[in-house]
Visitor: 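Just passing along the structure, written as structure tokens.
In listed order, ligands and their atoms are each counted from 1. Atom set for the values below is all heavy atoms of this structure, side chains included, hydrogens, waters and symmetry mates excluded. If you're wondering where the values come from, they're calculated on a predicted model, not measured in any experiment.
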Amino acid sequence: DMGGHDTYMHKEISEQADAVDRVLRGRIDDRFSTVHLGGLNLDPREARAIRRVKILGCGTSYHAGQIGAQMIEELARIPSDAEPASEFRYRNPVVDPDTLYIAVSQSGETYDVLAAVQELKRKGARVLGVVNVVGSAIARETHGGVYVHAGPEVCVVSTKCFTNTVVAFGLLALHLGRIRDLSVADGKRIIEGLRKLPGQIQEILAMEDEVKQLAAEYAEARSMMFIGRVRGYPVAREASLKLKEISYIHAEAYPASELKHGPLALIEPAMPTVAIVPDDDLLEKNRAAMEEIKARSGRILAVAHQKQDKADHTIVVPKNENELDPILMGIPLQLLAYHVALAMGRDIDKPRNLAKSVTVE
Ligand code: M6R
């Protein structure tokens with residue numbers, strides 16, 4: 001049932017405020033400025049003993065994991081990174097007893113992720129899951145974890161589950177942070193930010209007409225560039241994947257700083273750039289990157305917290321805490337991918353060559 005929407009993708013994009021409400025519900029503990037995660041199965045002594053975090057997933061879940069790794073590193077100060085689950089399992093990784101491994105999956109059935117979990121367990125590692133489908137193979141195989149509670153996602157391209165997965169990582173990062181060295185004041189600040197998310201998501205969804213108008217222009221592009229730095233980079237990668245999957249327009253995502261090391265050669269009027277420009281300590285750096293693109297007559301669409309004069313158009317999104325901004329900045333780009341694909345007449349819920357869950361190697 002599409003509930004009055006023309007596609008599941010549109011329905012699922014539109015449901016995100018409610019979905020985020022669900023992942024937060026019952027978990028916030030104002031008294032200690034932390035969150036309760038019932039199924040984590042990790043006591044405070046164990047949480048304090050973690051020396052590294054390694055996050056494994058595929059596709060969109062991998063991108064959510066990249067943001068998650070940054071959140072855990074920032075809030076809990078544990079060195080963290082994300083890697084595609086398939087790369088990890090094929091490179092005979094060193095499995096370290098002081099590392100916490102986290103498997104991320106919407107379906108909980110992705111074979112590469114499941115196989116990575118099984119290999120890790122065989123070697124004695126501790127593995128948690130950040131999973132949407134309750135009781136799925138990965139949920140059962142992991143030692144504990146955080147359910148994402150996005151609800152059923154039908155469209156092959158993931159939208160609401162991406163957002164909820166990143167919020168679930170925000171909760172996990174806050175939880176680990178408060179057991180370690182995150183102050184009460186910072187805990188409070190993050191909780192306030194989390195509580196603002198559903199309302200801010202509604203504000204972004206209300207900009208759909210503006211995004212739709214832009215889409216007509218971008219549906220003409222043969223290729224697009226997505227750039228961001230640090231917190232904005234995984235957002236750029238995910239937005240680039242969304243566009244590719246449903247519009248079949250070629251898209252690349254690069255850290256803004258890497259442009260001058262090669263991809264700047266691609267910039268010309270027919271190769272528009274989408275720039276993720278949060279109002280944080282890297283704002284000036286991002287402005288400089290946009291200036292370089294403008295100097296090569298590239299067109300720029302910025303997603304930012306204030307109007308960018310270097311960009312041809314800015315989608316202005318509401319500001320949250322710096323650490324939580326990535327949760328919101330991708331949402332207008334889900335709408336952009338959707339409307340570009342719609343303008344091109346694509347089969348949005350079932351893009352060619354793709355399956356919702358990839359249960360084979
Ligand atoms: O169910 P999972 O989260 O494990 O699936 C992982 C990927 O196959 C999935 O995210 C894929 O990239 C989607 N088509 C993204 O929209």
Visitor: Could you tell me the separation between the CE atom of Met224 and the CG atom of Leu266, rounded to the nearest 0.5 Å?
Guide: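 Output value for this atom pair is 13.5 Å.
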Visitor: I'd like to know if the side chain of Ser158 pairs up with that of Glu153 as donor and acceptor (distance under 3.5 Å, no hydrogens or angles considered).
Guide: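 The answer is yes; a qualifying pair exists.
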Visitor: Testing the 3.5 Å rule here: is there a donor-acceptor pair between the side chains of Gln16 and Gln334?
Guide: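 Looking only at side-chain atoms, Gln334 and Gln16 do form a donor-acceptor pair, the distance falling under 3.5 Å.
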Visitor: Which of the atoms of ligand 1 are close to Glu245, meaning less than 4.0 Å from one of its heavy atoms?
Guide: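 So the atoms of ligand 1 that pass are 13 (C), 14 (N), 15 (C), 16 (O).
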Visitor: A quick test of your reading: do over 12 heavy atoms of other residues, nucleotides or ligands sit less than 6.0 Å from NZ of Lys244?
Guide: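 Counting neighbours around NZ of Lys244, more than 12 heavy atoms of other residues, nucleotides or ligands fall under 6.0 Å, so yes.
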Visitor: Hey, does the Lys NZ or Arg CZ of Arg299 hover above the aromatic six-ring of Tyr218, less than 6.0 Å from the centre and inside 45° of the axis?
Guide: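 Satisfied, under 6.0 Å and within 45°.
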Visitor: Give a yes/no verdict on whether any heavy atom in Cys58 is under 4.0 Å from an atom of ligand 1.
Guide: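 In this structure, Cys58 qualifies as a contact of ligand 1 - some heavy atom is under 4.0 Å.
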Visitor: Can you report which non-hydrogen protein atom sits closest to atom 1 (O) of ligand 1, along with the distance?
Guide: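 Ranking protein heavy atoms by distance from atom 1 (O) of ligand 1, first comes Ser107 OG, 2.7 Å.
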Visitor: So if I count the atoms of ligand 1 from 1 in the order they appear, which ones are less than 4.0 Å from some heavy atom of Val156?
Guide: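 So the answer, numbered in order with elements, is 13 (C), 14 (N), 16 (O).
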Visitor: Suppose I only count heavy atoms of Ser61 and a 4.0 Å limit; which atoms of ligand 1 are within that range?
Guide: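 Selected atoms, number and element: 2 (P), 3 (O), 10 (O).
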Visitor: Measure Lys242 to ligand 1 on non-hydrogen atoms and call it side chain, backbone, both or neither using the 4.0 Å cut-off.
Guide: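 The part of Lys242 near ligand 1 is the side chain, not the backbone.
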Visitor: Val157 heavy atoms, cut-off 4.0 Å: which ligand 1 atoms fall inside?
Guide: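 Here the atoms of ligand 1 in question are 16 (O).
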Visitor: Given the ring of Tyr248, does Arg352 sit roughly above its face, with NZ or CZ under 6.0 Å from the centre of the six-membered ring and within 45° of the axis?
Guide: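 Satisfied, under 6.0 Å and within 45°.
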Visitor: Quick check: Tyr338 with His10 (ring centres under 6.0 Å apart)?
Guide: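 Yes; Tyr338 has its ring centre under 6.0 Å from that of His10.
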Visitor: Which atoms from ligand 1 have a heavy atom of Thr60 less than 4.0 Å away?
Guide: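 Within the 4.0 Å cut-off of Thr60, ligand 1 contributes 10 (O), 12 (O), 15 (C), 16 (O).
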Visitor: For ligand 1, which atoms sit closer than 4.0 Å to a heavy atom of Ser158?
Guide: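 Those of ligand 1 that fall under 4.0 Å from Ser158 are 15 (C), 16 (O).
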